[in-house]
Protein chains: 2
Amino acid sequence: MTLHEAFRSAPDHRQFAWAPAPSSGSLQPVFVPAGAGIYAQGEKSDRLYRVEFGAVRVYRLFADGRRQISAFHLCGEVFGFEAHATHHFFAEAICATGIRTLHASPADELLPVALQGLARAQAHLLLLGRQNAAERVAAFLIEMSERQGGLDRIELPMSRTDIADYLGLTIETVSRVLSKLRRKGIIRLPALRSVEIAKRTTLEDMAA
Amino acid sequence: MTLHEAFRSAPDHRQFAWAPAPSSGSLQPVFVPAGAGIYAQGEKSDRLYRVEFGAVRVYRLFADGRRQISAFHLCGEVFGFEAHATHHFFAEAICATGIRTLHASPADELLPVALQGLARAQAHLLLLGRQNAAERVAAFLIEMSERQGGLDRIELPMSRTDIADYLGLTIETVSRVLSKLRRKGIIRLPALRSVEIAKRTTLEDMAA
DNA sequence: CGCAGGTTTGAGCACCCTCAACGAATGTGG
DNA sequence: CCACATTCGTTGAGGGTGCTCAAACCTGCG
């Protein structure tokens, strides 16, 4: 079974949101239900996407099931140009999401977006290569807070599994670190996927 | 002590190869001795560089001394555009190296280079996030072989410390994995920084 | 030849993963 | 509206991979 087939047949990945390619891409946002795929590893890569609402995960699978999420994309962000001709990653809606297709843009508009993606990937390299579990989770919370306007209350669209696969940890470790942060009074967990930062400077120091 | 000061004063980092910025960048390659810096974290980032000969490491330091090398650049490769206005990384010559400065190029020339950097960074994310020590070292050897023409004999310009900081491991672990590969007959180590791949397919399978 | 830096190897331990069970939350059907 | 199923999240016990600390060994070079 190829990765692509695995992707389509996995119980989680219900269906692709749209047919392969309406030759004149839509300018209207397309609704993508939670868990649905946007593109898959091996598919032709010829356009970009912007998140209108919701959230997207971009990841790659190993043959043995290991998964690494290379990026989350939140409202307003552009993604999809991680390859030249064909995609090397899967992209899926995390929750109910609106996606707008962008038409081929001039290079001078694409370059800043590509550079931002590069900067994010490089920052993530540091985290995965040299930070321990507590530092990774702290950095993740700070990153999410900053990408949601710097507020102390964060709404996480993704599951613990997604967070773990983004941070190179297991769900148990993510859960344990969050619990420890809560016990220390650094964060509060008012709901399953809500986090409230109580001591931001402490958290920032931890993220190192 | 700031990172920048640490960089300049560290015993390893002898000196910068050139003065801050001859306003009309040189078209001749500049010789950079082993260990010398090319640019530093926090410096203004306004040009690109191409490796004419030798090799370069691009890395970031944590305050406590941890280091993550985000990329090696070998002969012919272009680097230096990892940031918008200021560098977020250090770049140093690994060995005696020739560097050519490139002048501001149009975006449509830069974009493919940026995308290749992005693809490499994303591939490295998988390695750091989800692969064990043996897989990392195997993948590194395969990568170096492919970047040196696909030959079975690899010349490594970098030290074990550099390899470890690239792969998110310690030098001891790198050394142990190499020894184990040698004992298994998968590679030979004819010199300290030479590797000969004896069983390429085995090594490729290990790299997953 | 002697020194210094880099590399290898070993012993012990810490952090994180694995496996397992429990608890909470959401959705479905009766 | 409640019982149940299912998924997701939390917590615990134990083990393994890779790190820390330490010493010996090369190897290049003055």
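Here is how names work: the chains are called A, B, and so on, in the same order as the sequence lines, proteins then strands, and each is numbered from 1.
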Minimum-distance nucleotide to [X] side chain [options: [options]]:
X	options	answer
A133(B)	dG18(D), dG6(C), dT8(C)	dG18(D)
S179(A)	dT10(D), dT8(C), dC16(C)	dT10(D)
E172(A)	dC19(C), dG9(D), dT9(C)	dC19(C)
R176(B)	dT8(C), dT18(C), dA11(C)	dA11(C)
R160(A)	dT10(D), dT11(D), dC17(C)	dT10(D)

Whole angstrom is fine here: how far is it from [atom1] in [X] over to [atom2] in [N]?
X	N	atom1	atom2	result
Q131(B)	dG18(D)	CD	C1'	16 Å
L167(A)	dC15(C)	CG	P	18 Å
I163(A)	dC16(C)	CD1	C1'	17 Å
M158(B)	dG6(C)	CE	C1'	15 Å
L189(A)	dA24(C)	CG	C1'	14 Å
R66(A)	dT17(D)	CZ	P	13 Å
K180(B)	dT8(C)	NZ	C1'	15 Å
I171(B)	dT9(C)	CD1	P	13 Å

Side-chain N or O of [X] versus OP1/OP2 of [N]: is the shortest distance under 4.0 Å?
X	N	result
R182(B)	dT9(C)	yes
T173(A)	dC17(C)	yes
T170(B)	dC19(D)	yes
S175(B)	dT8(C)	yes

Got a salt bridge between [X] and [Y], using NZ or NE/NH1/NH2 to carboxylate O under 4.0 Å?
X	Y	answer
D165(A)	R57(A)	no
R66(A)	E135(B)	yes
D152(A)	K199(A)	no
R147(A)	E143(A)	yes

Walking DNA chain D from its 5' end, the first of L192(B) and R183(A) to be reached, judged by nearest nucleotide, is R183(A)

Original post:
Is Y39(B) close to V58(B) at the side-chain level, that is, under 4.5 Å between some pair of heavy atoms?
Top reply: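 A side-chain contact exists here, since the closest heavy-atom pair is under 4.5 Å.
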
* For R193(A), report the nucleic acid contact type (base, sugar-phosphate, nothing); a contact means any heavy atom under 4.0 Å. =>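 Sugar-phosphate, backbone atoms only, no base.
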
Check: With a 4.0 Å cut-off on heavy atoms, is L169(B) in touch with a base, just the backbone sugar-phosphate, or nothing at all?
Finding: sugar-phosphate

